[in-house]
Structures are given as C-alpha cells and as structure tokens.
Amino acid sequence: MDLYEYQGKELFKRVGIPVSEGRRADSPQDARAAAQELGGQLVVKAQVLTGGRGKAGGVKLAEGADDVEQKAKDILGLDINGHVVRRLWIERASDIEREYYLSITLDRGAKKPLFMFTTQGGVEIEQIAEERPEALVRLHVDPSEGFQPWVARRLIYGGGVTDPSEQKQITSIVEKLYRAFVEFDAVLCEINPLIVTPDGTVKALDSKFTVDDNALFRHPDVAEMRDTAAADPIEAFAREKGVTYVKLDGSVGIIGNGAGLAMSTVDVVAHVGGRPANFCDLGGGGSAEGVVDALEVITRDPQVKSIFFNIFGGITRGDEVARGILEALDRLDMSKYPIVVRLDGTNAEEGRRLLAEAGNPNIHPEATMLDGARRAVELAA
Amino acid sequence: MDLYEYQGKELFKRVGIPVSEGRRADSPQDARAAAQELGGQLVVKAQVLTGGRGKAGGVKLAEGADDVEQKAKDILGLDINGHVVRRLWIERASDIEREYYLSITLDRGAKKPLFMFTTQGGVEIEQIAEERPEALVRLHVDPSEGFQPWVARRLIYGGGVTDPSEQKQITSIVEKLYRAFVEFDAVLCEINPLIVTPDGTVKALDSKFTVDDNALFRHPDVAEMRDTAAADPIEAFAREKGVTYVKLDGSVGIIGNGAGLAMSTVDVVAHVGGRPANFCDLGGGGSAEGVVDALEVITRDPQVKSIFFNIFGGITRGDEVARGILEALDRLDMSKYPIVVRLDGTNAEEGRRLLAEAGNPNIHPEATMLDGARRAVELAA
Amino acid sequence: MAIVVDNDTRLVVQGLTGSEGRFHGLRNRAYGTNLVAGVTPGKGGQDVDGVPVFDTVADAVDKAGANTSLIFVPARFAGDAMYEAIDAGIETVICITEHVPVHDMLGIYTYFRPKGVTMVGPNCPGVLSPGKANVGIIPAEIFSEGVVGLVSRSGTLTYQIGHELTQLGLGNSTIVGIGGDPIVGSSFIDILEKFEADPETELIVLVGEIGGDEEEKAAQYIGEHMTTPVLAYIAGFSAPPGKAMGHAGAIISGSSGTAVAKKEALEAKGIEVGATPTEVAQLVAKRLK
Amino acid sequence: MAIVVDNDTRLVVQGLTGSEGRFHGLRNRAYGTNLVAGVTPGKGGQDVDGVPVFDTVADAVDKAGANTSLIFVPARFAGDAMYEAIDAGIETVICITEHVPVHDMLGIYTYFRPKGVTMVGPNCPGVLSPGKANVGIIPAEIFSEGVVGLVSRSGTLTYQIGHELTQLGLGNSTIVGIGGDPIVGSSFIDILEKFEADPETELIVLVGEIGGDEEEKAAQYIGEHMTTPVLAYIAGFSAPPGKAMGHAGAIISGSSGTAVAKKEALEAKGIEVGATPTEVAQLVAKRLK
C-alpha cells in the first residue's frame with residue numbers, strides 16, 4: 001500500500017524524522033484555513049500516488065490566504081499521469097541549501113533491506129545510478145544484525161558528508177528511517193529530497209512510503225490511511241470484495257485461480273488474437289461466494305463481452321467454482337455474458353458435472369486452456 | 001548487579017507482568033504507614049540479596065497497622081546468611097492454589113538465553129532438576145530469532161499446564177519476561193514462585209533479577225537502584241573508587257593486574273603458606289591514580305600486615321604502577337606496611353628504576369611471583 | 001530418486017485440524033505420503049482420521065519421527081510455525097500459507113539459511129514427487145512418474161503445464177512450486193541445484209513470471225553450472241507495467257523484471273522459452289524424443 | 001606456521017587515534033606486525049606515525065587490504081565496531097575492549113559464527129605469534145619462538161606463564177588470550193582445534209580460571225579429538241564461593257565452575273594440572289625434554 005506524502009511524513013514524525021509543519025486540505029476552503037493557521041510562506045503540494053507532480057504543476061509556492069486558496073484551486077482536479085488531484089498538503093516553505101537522497105527498500109534479490117544515499121540530489125536519482133554509480137552509496141543491512149551505527153557512517157562518509165552537524169543529524173535520520181521501515185512493515189521508505197537548509201538543519205522535504213499489504217493487520221492505523229476514492233472505481237469495488245483485479249482495455253473478461261495461471265490466461269487470450277478486459281485472480285481459497293464476487297466485479301466493466309473461467313484446482317476446488325458460477329447466474333443479471341468454463345484439477349469432474357446438470361445455454365465448457373481462450377475470443381467478437 | 005525482590009517486581013510491572021501491590025518500608029513506622037495505605041491482609045518480606053529468608057523468619061503474614069509494625073520490628077535487623085535486613089517490602093497477601101517456577105537466564109555454555117519452567121513448584125527447584133529432570137522444561141531461545149510464541153507453547157505444554165486461561169496468562173508472562181530480559185540487559189530473571197490463585201489469576205510472587213553491570217550505562221534508573229549501604233563497607237568504598245576488590249580473611253594484602261593473575265597470586269600466597277587478606281584487581285588501565293585508590297582500599301582492612309604487588313604489564317605499564325606506589329607513599333600514611341613489588345612486562349624496567357631511585361625502605365623488590373609471595377608472607381608474620 | 005520429498009518423507013501437518021489442513025493432509029496421505037502427525041496447540045492427544053495430533057512440533061518429531069513439515073496455519077501465525085518447525089529439527093519445511101508479511105519472511109530467511117534446512121514457500125502449492133510423496137495442494141492425479149523436473153513460482157500454472165505434459169505422455173521426477181512471494185525459502189537456483197544432482201531428472205522446465213530477478217539469476221546459474229537441459233515459460237507478457245515502487249525499486253531491478261527481459265535473459269543462455277503452456281509441453285516432448 | 005595471526009596478517013586498528021590504540025598499535029608495528037591502517041570516524045585522511053587512518057573499516061579493507069582488525073574502542077561502541085569489521089569482510093577480529101555488555105556479545109556471537117570469521121575477545125590481551133606478528137597488548141619481549149601453544153582466559157596470567165617458560169628456555173608457537181567474559185568469540189575448543197592442526201605446535205598449555213564450564217568442555221574435547229599433548233593451570237583455588245546467580249545459574253552449571261571441579265575434569269582425561277605458574281612451566285620443560 002502506497003502512502004501519500006503527508007501520510008508518510010506523519011509516520012516519519014512518529015519515529016522522530018524532522019519534517020516541515022503542515023496541514024492536509026481537500027478543498028480551496030481547507031487550504032485557506034490551513035494558510036491562516038500556518039502563516040508565512042507556504043507550499044501547496046498535490047497529493048498523488050505518482051511521480052513528476054512538480055513538472056505537472058502540482059507543487060506551488062504561495063503566501064497569504066488568498067494566494068494559497070487560488071493555488072489550491074489551480075492544483076485540485078489536475079490530472080497527473082492519470083491520477084486526479086483530490087488532496088493537498090500545505091506546508092511551511094523551506095529554504096534549500098543542498099538536496100540529498102536517502103532511501104531504504106527491500107531488496108528481494110539479496111533478501112535484505114538496502115539503504116541508498118547520495119549527496120548528488122536535485123536530479124533524477126535513476127540518472128545518478130546510471131551515470132555516476134560511484135556517487136550513490138548502496139548498503140545492505142543484515143536483518144539479524146539490525147541497525148548498527150556503522151551503517152550510517154558508511155552512508156555518510158561514502159556520500160562525502162563532511163560537516164559534523166550534518167553528519168550527526170543524518171546519522172540520526174538513518175537510524176530512525178530503519179526503525180520506520182521495520183516498525184511499519186515497509187517495503188520502501190524514501191526521502192527525496194533530504195534537504196539541508198541554509199542554517200544547517202537537515203529534514204525530509206518529501207516522502208515515499210510503501211507498506212506491505214500483508215502486514216496491515218498489525219497496523220490498523222496505517223490501513224485506515226488508504227484512500228479508496230483515488231483508485232479506479234471497479235478496482236476499489238474489487239478491493240472491497242477482496243478480489244484481486246486489474247483492469248485492462250479489452251473485451252474478454254478473465255478469471256483464473258492463482259496469479260500465474262491468471263496472467264498466463266491473459267497472455268494466451270492475447271496470443272490467440274483476443275483483447276483481455278482484465279486480470280482477475282480468485283486466489284487460493286476460491287469459495288463459491290468468492291466466485292460470485294469476482295463475477296460481480298468483472299461485469300461492472302461495460303467493455304466486457306464474454307467471460308473466460310480458467311481454473312486449475314489445487315486448494316481451489318472445481319465443485320466450489322461451479323457452485324459459485326451457478327449461484328451468480330441465479331443472483332446477478334448475467335444473461336448477456338457467454339461464460340466459457342475450463343475446469344481441471346481438484347474436484348474438477350464434480351464441477352463439470354454440476355455445470356452440465358444446470359444446462360444453462362450461457363455456459364460453454366471447454367477442455368483445454370487454449371480452446372477455452374479461442375472460444376472466449378470468438379464469443380466476444 | 002542483583003536487585004531486591006521489590007526492585008525486580010518494579011521492572012516486572014514495567015513490562016506488564018502481574019505482581020501484588022505493595023510498598024517499600026525501611027522502618028517499623030514506614031511499615032505501619034504502608035499497612036494503613038494498603039489495608040487488608042499483608043505480607044511483610046525482608047529484602048535481602050540472598051535466599052532462604054522464609055526459613056530464617058524473614059517473611060511474615062500480618063493484618064492491621066499494629067501487627068504489621070510489630071512484624072516489621074521483628075524482621076528488620078535479622079541476619080539472613082550474613083545479610084542484615086534493612087529494607088522491607090509490604091505487599092497484599094495472595095491466596096495460593098498452585099506454585100510454578102519460571103526463569104530466563106544467560107546460558108554462557110550455549111551462548112543463548114535459557115528458559116526454565118516447571119509446574120512442580122513449592123520445593124527447591126535444584127532438587128527437581130536433580131531428582132525429576134523431566135518435570136523441568138528447559139528451552140533455549142536463539143537471539144537472532146528472538147521470542148516467538150511457540151517458545152511459550154513448548155514451556156506450557158511441556159510443563160503440563162492444561163487450563164486455557166492459565167495457558168494464556170503464562171504465555172503472556174513468558175513473552176514479557178523475555179522482553180524484560182532483553183530490554184533491561186538482564187542475565188537472570190526468575191519468578192519463584194509463579195502462583196495461581198484460587199480464582200485462576202497467575203502472578204509473580206517473588207522476583208530474582210540480575211542486570212549485567214557492563215550494561216548499566218544504558219539503564220541509569222536501574223543503576224540507581226544499587227543499595228551501596230548493604231555491601232561490606234570496604235567493598236562499598238572499593239566500588240566507589242572503581243577498584244575490583246573482594247575481602248578475604250588473611251593478612252597479606254594482594255594487588256594484581258588482571259583477574260587471572262590476581263587470583264593466581266592469591267592461590268600462590270596460600271600455596272606458600274600465607275593467608276591472603278583480599279583479592280584486588282587493578283584492571284586493564286592501571287593508572288597511577290588507580291594504584292593509589294587500590295592501596296587506599298586495601299589499607300582500610302585492619303588485618304592487613306603486608307602488601308604484595310604482583311604486576312605483569314600488558315596494557316598496564318610498569319612505570320605507571322611505580323609512580324602510583326610512590327604517589328601513595330607520599331599521600332597516604334603507609335609507613336606500617338612493607339610493600340613487596342614484583343614488576344614485569346610493559347615498561348617494567350622503567351618502573352623498577354623509579355622505585356629503586358626512590359629508595360624507600362618499605363619497598364621490597366622481588367624478581368619472581370613465587371619469591372614475591374614468599375617475601376610478602378614472611379613480612380606479614 | 002526425486003528431490004525435496006520422497007519415500008523417506010515423514011510428514012507432520014501444522015494445522016491438521018483446520019479445514020484446509022485436514023482436507024489436503026488426508027489427501028496427501030491417500031496419495032501414499034507417510035503422514036505421521038499433526039500439530040495443533042491445545043489439541044494434543046486427539047487424532048484426525050487416525051493421525052495423532054500433538055501440541056508442538058517438537059512432540060511430533062520426538063514421538064512420531066516427523067522430518068518434514070507442511071504448514072497450513074493462518075498468515076499471522078505462519079512465521080511462528082516456521083520457526084517452530086526449524087527449531088524442532090524438521091529438515092524440510094513447506095509452507096502453503098499465503099499473505100505472510102514480508103518482514104516476517106526476511107527474518108526467517110536470514111535465520112534458516114545457515115542451518116541447512118530446506119524451505120519451500122510460503123504462498124506455494126508444495127512439492128510432489130509422483131509415485132513417492134505429495135506434500136501440499138498439488139492435484140497429484142494430473143501428474144505421472146517420469147523424467148521432467150518442474151519448478152515454478154506459480155501454483156496453478158504449474159498444474160497447467162504438468163497437465164499438458166501428461167497429455168503428451170510425459171511424466172515428472174518432482175514438481176516444486178517455490179511460491180510467488182518476494183521472499184521465499186527456496187529460489188529457482190536452490191531447486192535447479194537439487195535437480196542437477198538428481199540422476200532421475202533428465203530435463204527441467206522452469207516456470208517464471210514477471211517481477212523480481214530470480215529468472216535472470218537462474219539463467220546465469222544455468223549457463224554457468226548446469227548440464228541438465230532446461231526449458232522455460234514466463235507468464236505476464238500482457239501485464240500492464242506495475243505500479244512504481246518509487247525510485248529505489250527501479251534502481252535495484254533496473255530493466256529486469258518484465259517478461260520480455262526474463263525471456264531475453266534465458267534465451268541468451270540458450271534456454272528455449274515457450275509462448276504458451278501448450279508450446280512448452282511440445283518443446284519438452286521434442287527434446288525427449 | 002602459527003595460528004590466528006602470522007606473516008599474512010594485514011592489520012587495521014579500530015581506534016588507532018586513541019591513546020591506547022596508538023600506543024599498542026605502534027608497538028605491534030614495531031614488533032614487525034604489518035599494520036596497514038587505522039580507523040577513526042571523522043579522521044579519515046589523517047595518519048598516525050605514517051599509518052593511514054580511514055573513516056570506515058570498509059575503506060581500510062578496500063584501500064589498504066586489511067584482513068585482521070584489532071579493536072580498541074570504548075565498551076559502548078565495541079559491539080558496533082565488531083559488526084562493522086565482520087561486515088567489511090575482515091577475517092580475524094580481535095577485541096581488546098573490556099566491559100562490553102553481554103547482550104551485545106550474545107547478538108554478535110550468534111551473528112558471526114556461521115560466517116567463518118575468527119573472533120578473539122572481547123576483554124582479552126590479543127594474539128601473539130612470536131617472530132611473526134603481535135596483535136594486541138601482549139608484551140612480546142617476554143616470549144620467544146618455539147613449539148608451545150598457549151591459550152588462556154586471563155591476560156596477565158598468560159604473561160606470567162609465558163615468562164616462566166622463557167626463563168626455562170622454552171618458546172611459543174602462538175599465544176592466544178581468549179578473554180575472560182561470559183561470551184567470547186573463540187572458546188578454548190576453537191583455539192585447541194587450530195593448535196591441533198598446526199604442525200609447529202608440539203604441546204599446548206591451557207590456562208583456565210573459575211567460572212563457566214569451558215575448561216570442562218575443553219577436557220572432554222581434548223580426550224576425544226586431540227593428539228597434541230596438553231598441560232593446564234587453573235586459577236582461583238582460594239577464591240571464595242561466588243555470589244549466587246539465583247537458582248537458575250546453579251542448575252545450569254551444576255557443580256562445575258569451581259577450580260577443583262575443573263582440575264578434576266582435566267585430570268580425568270589425563271591432563272596434568274600444575275599448582276603454580278612455575279610448576280606448569282616445569283612440567284612443560286619435563287615433557288619436551
């Protein structure tokens with residue numbers, strides 16, 4: 001789960017990483033109130049879960065209630081890489097002497113957290129990694145060792161920070177960032193830029209914070225931060241129903257069990273000339289109720305013309321899937337969707353029997369994945 | 001550093017292990033006030049850093065201010081295994097249905113923390129370990145794994161706890177005891193007995209808590225718990241001066257550098273027929289000031305007749321030791337003590353030269369440890 | 001021979017009394033797997049269709065001689081269950097549970113690796129050595145004994161490919177679903193190493209998917225260390241670019257991670273990559289002819 | 001040959017710019033040890049009598065080729081320094097610092113053991129291979145080259161016994177002070193194993209003291225695994241019984257831990273135990289005659 005800048009900064013604050021004071025604003029009126037409360041020179045920042053908002057006009061300096069309200073009006077509603085701005089973060093403007101970059105992320109290759117730090121901020125960090133890799137210090141932390149002060153020293157001295165006060169402040173931020181990473185079950189905590197002000201104060205001017213979805217049960221307060229309104233409405237509905245769903249742009253609705261098979265089904269539908277409408281993974285459980293939910297999600301997409309169930313049972317049982325399909329046909333208005341069903345694996349025979357007995361003309365059984373894909377593509381035409 | 005029962009319970013409370021409410025009392029008047037505050041049936045418990053206080057009459061039930069005051073009078077001043085009772089802990093009496101035993105300690109052999117648990121409480125735990133080892137569950141925790149719930153399950157099911165409420169309470173206590181062990185840098189946390197009351201509540205009725213002296217810098221609040229008055233006055237003075245000193249019962253004062261050499265010097269003095277007055281380790285640093293302090297400590301013991309310096313320099317330098325001895329002769333009244341000095345190792349030659357130049361008749365140089373020991377024994381006769 | 005599970009497997013199911021644990025545990029037993037015990041705290045002394053249940057894995061090891069554990073407990077208890085199995089002396093730990101927090105796995109991975117334990121999963125379908133033992137949720141009836149080793153990050157995709165092989169009359173030595181999570185106990189390379197050492201395995205099918213760089217690393221490893229031929233399938237060519245993990249993620253993985261990048265990395269080492277599961281099975285058949 | 005330190009040692013001193021670090025580091029160099037670097041955060045780029053100082057151990061490894069570290073930093077920073085050395089790829093870490101918290105060592109011990117690093121200390125005098133290298137605070141001038149391996153929990157007692165040997169014309173292959181703390185990087189057994197494998201070492205003197213059960217375990221190990229003869233000395237026969245560690249301590253160590261118990265355990269395996277340092281030296285002389 002990706003957090004907005006202001007949410008990540010809230011978590012930074014909790015572990016003691018210095019950030020600027022600010023207020024959230026969802027409307028020009030909110031922005032005006034925030035300006036009155038905070039006073040002085042402010043920055044109005046679009047809160048979107050994507051990069052490049054600066055170039056897109058999503059970050060503006062302002063001073064005074066009128067100016068802030070106007071800038072808020074300008075920014076709210078902007079479309080930044082397909083994300084519509086609905087929230088703002090109004091914070092005290094900071095003078096910037098230097099810009100650094102600091103992050104910790106889960107390196108799944110090394111199976112260790114990885115710190116990255118450079119004092120060559122202000123440009124795209126990927127560019128530095130590419131062009132001047134020696135300027136980017138990378139350092140793994142062994143999870144069984146945990147954070148030790150030498151880790152901060154390697155970053156600081158490796159990055160060429162020489163001012164003792166800066167060294168001290170960054171050391172403390174590095175330690176706290178590690179704590180945030182572990183305590184909040186993060187997979188990414190990024191400060192870009194980490195700035196030094198003219199009076200020598202080091203602080204986080206932005207935040208990129210991603211928390212492991214699987215660990216949200218340990219962090220109900222973080223889970224509540226999710227902005228369900230920001231997502232695609234069908235994807236939001238899918239999340240609500242507990243269905244793994246990604247919208248694509250075609251006409252063949254696809255339901256598979258297991259991410260791999262579902263992905264492969266999307267590939268095969270494309271391979272035989274069809275256009276997949278979505279990726280939808282029933283997941284491991286695959287109860288009848290889950291099947292109904294999945295169908296309800298998929299049929300919200302008006303582009304869908306046919307539906308392809310590609311099920312290879314393991315922990316998912318073919319009879320449960322069949323029951324779910326029949327239940328959905330009962331409860332939902334599914335009359336306009338031809339449903340191609342390919343069932344194999346655990347209790348598949350029983351499932352095929354149940355479907356055959358139902359005798360619904362909209363159900364088209366197919367014996368193989370490839371044949372199922374072809375049939376679904378035909379039926380969507 | 002060993003903590004009193006009530007201090008250990010204070011730390012238990014901080015991590016959430018249930019204990020009875022109580023008050024510390026250093027006088028019968030304190031005890032009366034505590035009784036008035038707490039009310040009901042109480043236990044007056046001697047606070048001493050030794051076992052067997054129950055058998056020695058150091059724990060008594062009492063009810064009402066008069067009774068508690070009287071019991072406090074009875075117990076204060078008792079000598080329990082050489083420890084004079086100066087503090088009491090007055091706590092609410094607990095009804096006991098069953099007595100268990102739970103501890104975690106540093107197993108230096110395995111280099112791991114070791115949990116021990118038995119439901120066969122109420123008798124000496126060493127006896128159970130000896131006679132019915134199968135009734136004592138022992139379980140190491142891997143420090144890199146940390147506490148995991150299965151550890152508590154192994155203890156509970158291994159010990160035969162079957163009541164679900166008890167299982168739940170003990171699981172929570174096991175986890176918290178581990179936390180106390182780690183967070184307070186303990187080498188021992190023992191709950192004996194861990195009781196179950198007739199209404200099924202599990203709590204710690206006693207505590208034995210030992211904190212690593214080397215980690216006290218991380219726990220200034222725990223360091224302040226030290227009862228300097230309880231120690232032998234010379235040992236207390238030694239601690240104050242930062243000198244490692246153990247009083248023995250003889251006449252030859254011994255100063256060595258390093259615990260091994262100091263211990264071996266004590267052995268060799270005994271081996272050649274002398275009676276060592278003490279064990280005193282100058283430690284690694286061995287500055288001139290440290291030497292003066294050590295001499296000041298040792299000469300507080302009226303039994304001391306002669307002093308044997310046995311120094312083999314490594315990090316300790318012979319010239320520093322010599323300077324310390326000369327300094328002490330200058331500043332302290334050392335005229336009645338013949339000092340046998342054996343110097344070898346780092347800068348020993350320089351040290352021997354300094355002592356020779358001083359020409360003090362009380363200084364008796366010797367070339368070997370064995371000769372030094374013999375000479376010191378002669379001079380103490 | 002076979003790898004990971006075989007006739008010497010003495011299985012304990014952690015969570016045997018739960019509905020999934022019971023269903024698949026007994027199914028594994030019905031297949032012929034030597035299911036010796038179940039573990040459910042508080043249910044020690046009971047039995048599940050004749051299989052003794054213990055309170056702890058240590059009891060299952062001491063009293064029933066278990067050497068392999070299959071984990072079916074809910075995600076928030078799965079880390080604890082894995083540690084319990086490892087510390088009880090279980091040699092092979094197979095965790096089916098999905099949604100295990102990645103920080104839990106970070107600790108467990110670091111912990112178990114130096115101990116020489118074999119761990120598969122979490123979020124995996126388990127391991128099947130046809131004719132010998134089935135440990136997990138793989139529907140064994142679609143596989144037959146044979147010479148093809150199969151290793152996959154995806155469960156159901158594995159069944160699909162195994163199924164296609166069976167249709168062509170080809171069998172498997174062992175099928176290993178390593179799981180799709182960011183951190184799993186055994187990587188492609190760990191399993192490839194075992195297959196390489198298995199005289200029964202004559203050819204290996206590697207089934208990968210988008211994300212991470214395990215397929216790229218496997219390609220490198222195969223090029224450097226393996227003589228057994230390997231074929232591959234990658235899922236996710238039509239997947240939309242994933243949501244950005246911030247700059248740091250991009251820097252770590254570089255251009256790797258896409259299906260195309262994985263395909264290219266494999267082909268650069270001479271490993272054929274099939275376009276569909278059906279095509280992979282056909283390629284295998286051609287090679288083994 | 002020799003063990004732990006020798007002519008291949010390339011030494012970095014962590015804390016070289018401190019007074020103890022400087023004194024002993026330069027003394028080690030004067031003895032002939034190849035001192036290649038010092039580390040003091042913030043003093044990178046300086047030098048100590050010509051020895052380059054770096055900010056991090058990683059720099060000392062990369063730029064000066066250090067393979068052995070000698071740690072002289074204060075106790076509260078020693079754990080960090082040990083981790084830094086291990087993770088920088090240092091092969092041999094020798095920590096002189098005393099008063100390191102035991103929980104710090106618990107973590108470090110668990111961490112470094114599977115990595116194959118050699119660690120000696122903390123709270124130890126270091127390691128001296130006469131004629132080759134001296135790493136630590138052992139006064140090298142009292143030792144000479146020879147065939148006696150010396151391993152001891154006590155620093156100064158080691159010097160005493162080495163001194164007695166020298167008086168009798170006997171020299172040492174290597175002198176290892178393992179340190180007296182409850183948890184140290186190398187146990188008696190770790191060092192005995194190295195001596196056993198060292199063709200230059202013809203006889204070993206083990207110097208123990210009261211507390212713990214490392215001497216008892218060493219006796220067992222010697223009986224089972226060693227052909228090189230071992231003699232021993234134990235300090236602390238006149239020590240008063242230590243303050244009780246509560247019941248748990250007594251249960252763990254049983255009756256072991258006293259000087260008498262250690263002496264008996266050693267003698268039960270045929271290992272002679274001298275009554276004084278002088279007597280041990282005489283026993284060695286007799287054996288080597």
Side-chain angles (χ1 to χ4, degrees), chain A residues 2 49-51 101 103-109 111-114 116 124-126 129 136 142-144 182 185 187-188 190 192 208 210 212 214-215 217-218 246 248 256-261 263-264 266-271 276 279 283-284 311-316 344-346 368-370, chain C residues 20 24 27 75-76 96 98-104 106-107 109-111 123 125 136-139 142 152-160 163-164 167 180 182-183 207 209-210 212-214 217 233 235-240 243-253 259 275-278:
Chain A
D2 294 329
L49 299 176
T50 182
Y101 169 94
S103 70
I104 179 168
T105 184
L106 180 71
D107 182 352
R108 53 192 280 180
K111 275 98 177 167
K112 285 177 185 172
L114 173 70
M116 289 193 275
E124 286 294 311
I125 196 68
E126 290 91 335
L136 182 69
D142 192 295
S144 65
V182 171
D185 279 290
V187 291
L188 169 73
E190 186 177 77
N192 186 21
K208 211 157 260 147
T210 307
D212 177 15
N214 288 338
F217 70 89
R218 288 199 276 247
V246 178
L248 302 173
N257 63 317
L261 183 61
M263 257 193 291
S264 174
V266 170
D267 287 352
V268 170
V269 164
H271 187 73
F279 161 96
I311 303 296
F312 213 117
I315 205 163
T316 302
D344 261 310
T346 310
T368 73
M369 177 168 171
L370 206 52
Chain C
E20 297 296 335
H24 292 285
R27 215 156 165 251
R76 66 182 70 189
I96 308 302
E98 57 178 354
H99 300 308
V100 178
V102 72
H103 277 262
D104 293 2
L106 201 54
Y109 188 88
T110 311
Y111 184 69
N123 193 15
I137 63 174
I138 297 177
I142 55 170
S152 169
R153 278 168 70 189
S154 159
T156 46
L157 190 49
T158 313
Y159 315 157
Q160 180 64 41
H163 184 66
E164 306 259 11
Q167 308 286 89
I183 297 181
V207 182
E209 60 185 47
I210 49 168
D213 62 350
E214 292 296 326
K217 282 188 190 160
Y233 174 77
F237 283 89
S238 309
K243 281 155 191 170
M245 285 244 311
H247 294 290
I251 293 172
I252 295 173
S253 57
T276 65
T278 315

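Below, all heavy atoms of this structure are taken into account, side chains as well, without hydrogens, waters or symmetry copies. Letters A, B, ... mirror the listed sequences (proteins, then strands); counts begin at 1.
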- Item | Side-chain heavy-atom pair S264(A), Y233(C) within 4.5 angstrom cut-off | yes

- For V266(A), is it the side chain, the backbone, both or neither that has a heavy atom under 4.5 Å from a heavy atom of chain C? both

- Any chance you could measure H163(C), atom NE2, to T368(A), atom OG1, to the nearest 0.5 Å? 8.0 Å

- Where on Y109(C) is there a heavy atom nearer than 4.5 Å to chain A: the side chain, the backbone, both, or neither? side chain

- Task: Specify the closest pair of heavy atoms between H103(C) and V182(A), including all atoms of both residues, with the distance to one decimal.
- Result: CE1-CA, 3.9 Å

- Task: Indicate yes or no: at least one non-hydrogen side-chain atom of T110(C) is less than 4.5 angstrom from one of K112(A).
- Result: no

- Considering only heavy atoms, which portion of H99(C) lies under 4.5 Å from any heavy atom of chain A: side chain, backbone, both, or neither? both

- Structural part of D344(A) lying under 4.5 Å from a heavy atom of chain C: side chain

- Hey, which of G136(C), G155(C), P277(C), S152(C) has the most heavy atom pairs under 4.5 Å with chain A? P277(C)

- Heavy-atom closest pair, residues A270(A) and S238(C): CB-OG, 3.5 Å

- Task: Answer whether the closest heavy-atom distance between the side chains of V102(C) and V187(A) falls below 4.5 Å.
- Result: yes

- Would you call T158(C) and L261(A) a side-chain contact if the rule is heavy atoms closer than 4.5 Å? no

- Side-chain donor/acceptor of T276(C) to backbone N/O of V268(A), under 3.5 Å: no

- Among N123(C), T156(C), I137(C), the residue with the most heavy-atom pairs under 4.5 Å to chain A is T156(C)

- Most contacts with chain A, counted as non-hydrogen pairs under 4.5 angstrom, among K217(C), R76(C), R153(C), R27(C): R76(C)

- Task: Compare every heavy atom of E214(C) with every heavy atom of R108(A), then report the nearest pair and how far apart it is.
- Result: O-OE2, 4.3 Å

- Item | Heavy-atom side-chain proximity of R218(A) to P101(C) below 4.5 angstrom | yes

- Under 4.5 Å to a heavy atom of chain A? For L106(C) that would be both

- Message: Do M263(A) and I210(C) make a side-chain contact, defined as non-hydrogen atoms from C-beta onward lying under 4.5 Å apart?
- Response: yes

- Would you say the side chain of F312(A) lies within less than 4.5 Å of the side chain of L157(C), judging by non-hydrogen atoms? no

- Under 4.5 Å heavy-atom distance to chain A, tell me which part of P182(C) shows up: side chain, backbone, both or neither. both

- Note on the structure: Under 4.5 Å to a heavy atom of chain C? For D267(A) that would be both

- With a 4.5 angstrom heavy-atom cut-off, which part of V100(C) approaches chain A: side chain, backbone, both or neither? backbone

- Message: Please identify, among G107(C), P139(C), A259(C), the residue contributing the most non-hydrogen atom pairs under 4.5 Å to chain A.
- Response: P139(C)

